[in-house]
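Encoded as structure tokens, the structure appears first; notes follow it.
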Amino acid sequence: MTRAVYALPGNEALADDLARRGGWPRAALDVHRFPDGESLVTVAAPPAGGEAVLACTLDRPDPKLVPLLMAAATLRELGAARVGLVAPYLGYMRQDARFHPGEAVSSRIFGRLLDQAFDWLLTVDPHLHRHRTLAEAGLPRGRLIHAAPALAAWVRANVARPLVVGPDGESEQWAREVAALVDAPVAIAGKERRGDRDVRVTLPAGSDWDGRTPVLLDDIVSSGHTMAETVRVLRARGLPPPVCVAVHGVFAEGARELLRAAGAARIVTTDSIPQENALIGLGAALAEALAAIGTEAGAPAG
Ligand SMILES: O=P(O)(O)OC[C@H]1O[C@@H](O)[C@H](O)[C@@H]1O
């Protein structure tokens, strides 16, 4: 099926990279903001009867969602037989339960919205905790790739004798996978979250930590408090300044400063969200997964 790649604003590098690696043409998409805050989306015609691929990572998703849905609907009206979304970071996945009476289960609502608009979605390590699959998060046609091989390659090339530390139980899946790939010991801390910016972290006892550099491994850095608190307890235990590695660098305001003040030696993430710490490229893995979607469309993988 003929395919063209479109970028929502801010996602041009991702779209260029995917198009170049896959040999697919790039196509124009413009979002004009009116003085009243509404947007007007204009797209180049999609390949007739072909597939339009939209690139739009979904951190800070609220202002991105309306132009994204407008673009998908317009491409369909103009003749695209299929419209897919590459969103390396998928926001809203952490609110995956009604933790307090009356709260929205944002993950499912957001997932269903995207599922209605797109024939498929490709993302990287979404925060699937209580939902174990993308289907449970409302995205039965969602597909995902894992960043662990790319994270492990970075750790192997940059940290001698690492000790991989997961700051909480949720991070265990990523921490154990990376530790196995780099052949390092792993420690999983315990975390109690008391508020958006208030977490307590406790370390397990460790016997094989001597002479090792802690590499904190988590899926998301948002406020930075989970990682910062873990950095603090590791330093208090007498370990060298830790290297902080995450799949998704969301970085709410002040998060980097918090990590540096706590004693982090380095902060490194993948490029699922374009920002200054995005040193680990996922382009090759995403392009490979995208090429596979072209050959077996419709089959869920998440
Ligand atoms: O502590 P901040 O950075 O705000 O939030 C990130 C943490 O919150 C969890 O859901 C993530 O898996 C990560 O451990």
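As the structure lists them, so they are numbered: ligands from 1, and atoms in each ligand from 1.
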So which protein heavy atom does [atom] come closest to, and at what separation?
{"atom": "atom 1 (O) of ligand 1", "result": "Thr226 OG1, 2.6 Å"}
{"atom": "atom 14 (O) of ligand 1", "result": "Asp218 OD2, 2.5 Å"}
{"atom": "atom 2 (P) of ligand 1", "result": "Ser223 OG, 3.4 Å"}
{"atom": "atom 11 (C) of ligand 1", "result": "Asp219 OD1, 3.4 Å"}

Hey, is [X] one of the residues with a heavy atom under 4.0 angstrom from ligand 1?
{"X": "Val199", "result": "no"}
{"X": "Arg197", "result": "no"}
{"X": "Gly224", "result": "yes"}
{"X": "Met227", "result": "no"}

Can a donor-acceptor pair be found between the side chains of Tyr92 and Asp62 at a distance below 3.5 Å?
yes
Judged by modelled atom types alone, do Glu51 and Trp120 share a side-chain donor-acceptor pair under 3.5 Å?
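Indeed, the side chains of Glu51 and Trp120 share at least one donor-acceptor pair under 3.5 Å.
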Please confirm whether Arg141 makes a cation-pi placement over Phe118, using NZ or CZ under 6.0 Å from the six-membered ring centre and within 45° of the ring normal.
no
So, does [X] use its side chain to make a donor-acceptor pair with the main chain of [Y] at under 3.5 Å?
{"X": "Asp271", "Y": "Pro274", "result": "no"}
{"X": "Asn158", "Y": "Trp154", "result": "yes"}
{"X": "Ser39", "Y": "His32", "result": "no"}

Out of Val243, Val215, Ile280, Val268, which residue meets the side-chain contact (heavy atoms from CB on, under 4.5 Å) rule with Val155?
Val215
Please report the interatomic distance CG(Leu234) to CZ(Arg232), rounded to the nearest 0.5 Å.
11.5 Å
Interatomic spacing from CG in Leu121 to CG in Leu58 - rounded to 0.5 Å
8.0 Å
For ligand 1, which is the ligand I care about here, please tell me if Arg94 has any N or O atom under 3.5 Å from one of the ligand's N or O atoms.
yes
Which part of Asp168 is near ligand 1, with near meaning a heavy atom under 4.0 Å away: side chain, backbone, both or neither?
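Near ligand 1, Asp168 shows its side chain, while the N, CA, C and O stay back.
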Under 4.0 Å between heavy atoms, the region of His129 that gets near ligand 1 turns out to be neither
What atoms in ligand 1 come closer than 4.0 Å to a heavy atom of His127?
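Here the atoms of ligand 1 in question are 10 (O), 11 (C), 12 (O).
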Closer than 4.0 Å to some heavy atom of Glu170 - which atoms of ligand 1 meet that?
10 (O), 12 (O)
